[in-house]
**Student:** 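This is the structure I have questions about; it appears just below.
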Amino acid sequence: MARRTKAEAQETRHAIMQAAMRQFSQQGWAATSLAAVASEAGVTRGAIYWHFKNKAELLMALWQELCEPISQMLSASLDVDEPDPLGHLERFLLLLLENVTTSDSHREFFRLFFNQTEPSDEMLAFHQQIQAVVRNYQVQLRGALRNAMAHHQLPDDLDVDQAAVFIHCALDGLILNALHPCSMLTLALHMKTYVQFILSALRHGLRDASAGALC
């Protein structure tokens with residue numbers, strides 16, 4: 001048998017990931033087997049195990065494929081030489097919400113992620129990996145906010161830690177709300193307004209209460 005090229009291997013990997021997304025969405029995490037994914041993708045189970053050792057690793061790959069391109073916008077706001085870090089943060093927020101309203105793959109993934117309640121060792125392993133990703137995301141958010149403060153785009157007394165938590169919770173809430181078809185249309189129409197609400201809170205609220213406290 002001829003050896004597969006790198007491009008062919010990547011095509012197989014992509015086909016497996018797309019098939020997994022369809023199966024997870026239709027059947028749920030617990031009810032989906034790797035055999036079903038293989039059948040959906042038109043490959044053998046051996047082909048799946050060549051690329052992914054289990055469902056958790058497959059789900060993590062889907063997360064990275066969907067979210068890493070967006071996170072590059074957030075990373076750009078960390079550059080100390082970037083004159084407009086707050087602008088990059090704003091574009092990151094808008095791009096994330098835009099993808100949720102325009103991409104079926106993003107919506108299906110977030111629906112699966114937020115609604116996942118079936119306990120399993122594999123799902124626990126996935127959530128442990130995601131927790132590490134979220135911790136890094138929080139670090140990046142705080143870094144972006146501090147960079148915006150250094151460029152005088154945000155007040156010097158902004159409570160960076162609470163602001164990062166606020167942004168994260170606001171995004172989670174908007175995404176969860178958008179998973180309902182009627183609410184998705186509302187988000188599509190008003191996402192710029194919602195992002196401006198977030199930025200306004202950063203500029204005019206969320207002050208560090210301890211900044212002026214006496215020791």
Side-chain angles (χ1 to χ4, degrees), residues 14 17 21 59-114 127 129-179 183-211:
H14 182 72
M17 292 170 64
M21 177 67 81
L59 191 58
M60 191 67 195
L62 286 168
W63 170 277
Q64 291 169 340
E65 181 180 77
L66 292 171
C67 296
E68 282 193 353
I70 304 173
S71 68
Q72 292 176 4
M73 189 69 70
L74 178 59
S75 298
S77 66
L78 299 172
D79 186 352
V80 295
D81 295 323
E82 168 55 51
D84 186 21
L86 191 63
H88 278 289
L89 179 58
E90 179 180 3
R91 286 187 283 277
F92 160 75
L93 298 174
L94 286 170
L95 181 59
L96 176 58
L97 297 178
E98 181 181 354
N99 282 348
V100 171
T101 60
T102 61
S103 167
D104 292 339
S105 294
H106 280 82
R107 281 195 303 279
E108 288 303 325
F109 180 86
F110 283 118
R111 183 174 289 110
L112 174 68
F113 177 72
F114 284 120
H127 277 289
Q129 294 179 71
I130 287 298
Q131 285 172 4
V133 171
V134 169
R135 285 193 295 270
N136 182 62
Y137 166 60
Q138 287 282 333
V139 169
Q140 286 189 306
L141 273 179
R142 291 194 293 270
L145 294 171
R146 290 191 181 98
N147 200 24
M149 292 165 68
H151 284 77
H152 308 292
Q153 294 181 305
L154 291 174
D156 293 338
D157 59 349
L158 177 71
D159 189 327
V160 171
D161 291 336
Q162 294 305 317
V165 172
F166 166 72
I167 294 171
H168 189 181
C169 292
L171 287 176
D172 278 0
L174 289 170
I175 292 169
L176 269 169
N177 198 46
L179 297 182
S183 299
M184 182 189 70
L185 178 60
T186 300
L187 178 60
L189 290 173
H190 301 293
M191 70 176 75
K192 290 183 179 179
T193 299
Y194 298 150
V195 169
Q196 288 306 311
F197 284 158
I198 293 173
L199 296 180
S200 179
L202 297 178
R203 293 188 182 103
H204 305 296
L206 298 171
R207 296 296 198 270
D208 186 350
S210 65

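Reckoned from all heavy atoms, side chains included, excluding hydrogens, waters and symmetry mates.
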**Student:** Kindly compute the distance separating CD (Gln131) from CG (Asn136), expressed to the nearest 0.5 Å.
**Tutor:** 14.0 Å

**Student:** In Å, rounded to the nearest 0.5 Å, how long is the span from CG of Leu174 to SG of Cys169?
**Tutor:**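 It is 11.0 Å, given to the nearest 0.5 Å.
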
**Student:** What's the spacing between Phe197 CZ and Lys192 NZ if we round to 0.5 Å?
**Tutor:**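 Reported to 0.5 Å precision, the distance equals 15.0 Å.
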
**Student:** Return the OG1 to CG distance between Thr102 and Leu95, rounded to the nearest 0.5 Å.
**Tutor:** 8.5 Å

**Student:** Are side-chain heavy atoms of Leu158 and Asp156 found at a separation under 4.5 Å?
**Tutor:** no

**Student:** If only atom types and distance count, is the side chain of Ser71 paired as donor or acceptor with the main-chain N or O of Glu68 below 3.5 Å?
**Tutor:**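 Checked: pair present.
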
**Student:** For the backbone of Ala164 and the side chain of Arg142, can you confirm whether one donor and one acceptor N or O come within less than 3.5 Å of each other?
**Tutor:** no

**Student:** Going through the distances and angles, do Thr186 and Asn177 end up as a side chain to side chain contact (heavy atoms under 4.5 Å, CB included)?
**Tutor:** CA-CA 9 Å; Thr186 300; Asn177 198 46; 5.9 Å; no

**Student:** Could you list the donor-acceptor pairs under 3.5 angstrom formed between side-chain atoms of residues 83-93 and any protein atom two or more places apart in sequence or on another chain?
**Tutor:**
from  : atom 1 : to     : atom 2 : distance (Å)
Asp84 : OD1    : Gly87  : N      : 3.0
Asp84 : OD1    : Gln153 : NE2    : 2.7
His88 : NE2    : Glu82  : OE1    : 3.2
Glu90 : OE2    : Gln196 : NE2    : 2.8

**Student:** Just wondering, do Val134 and His168 contact through their side chains at under 4.5 Å, heavy atoms?
**Tutor:**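 Counting from C-beta outward, His168 and Val134 do come under 4.5 Å.
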
**Student:** Does Glu98 offer a backbone N or O that forms a donor-acceptor pair with the side chain of Thr101 under 3.5 Å?
**Tutor:** yes

**Student:** Testing the basics here: between Ile70 and His106, what is the closest heavy-atom pair and its distance to 0.1 Å?
**Tutor:** CD1-NE2, 3.9 Å

**Student:** Walk me through it: do Val133 and Met60 pass the test side chain to side chain contact (heavy atoms under 4.5 Å, CB included)?
**Tutor:** CA-CA 10 Å; Val133 171; Met60 191 67 195; 3.4 Å; yes

**Student:** Would you mind reporting whether Leu154 and Arg146 have side-chain heavy atoms less than 4.5 Å apart?
**Tutor:** no

**Student:** Taking side chain as C-beta onward, heavy atoms only, is Leu202 less than 4.5 Å from Ile167?
**Tutor:**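 Yes. Closest side-chain heavy atoms under 4.5 Å.
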
**Student:** Take Arg135 and Val139 through the side chain to side chain contact (heavy atoms under 4.5 Å, CB included) test and state the conclusion after the steps.
**Tutor:** CA-CA 6 Å; Arg135 285 193 295 270; Val139 169; 5.7 Å; no

**Student:** Could you tell me which non-hydrogen atom of Leu171 sits nearest to which non-hydrogen atom of Leu96, and how far apart they are?
**Tutor:**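 Heavy atoms of Leu171 and Leu96 come nearest at CD1-CD2, 3.8 Å.
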
**Student:** To the nearest 0.5 Å, tell me how far Glu65 CD sits from Phe109 CZ.
**Tutor:** 10.5 Å

**Student:** Let's go through Ser105 and Leu66 carefully: what are the C-alpha distance in whole Å and the side-chain angles of both, what is the deciding distance for side chain to side chain contact (heavy atoms under 4.5 Å, CB included) to 0.1 Å, and is it a yes or a no?
**Tutor:** CA-CA 8 Å; Ser105 294; Leu66 292 171; 4.0 Å; yes

**Student:** Out of curiosity, Leu74 CG to Cys67 SG, how far, rounded to the nearest 0.5 Å?
**Tutor:**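 The distance works out to 12.0 Å.
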
**Student:** Looking only at heavy atoms, which two atoms of Leu78 and Gln140 are closest? And how far apart?
**Tutor:** CD2-O, 3.2 Å

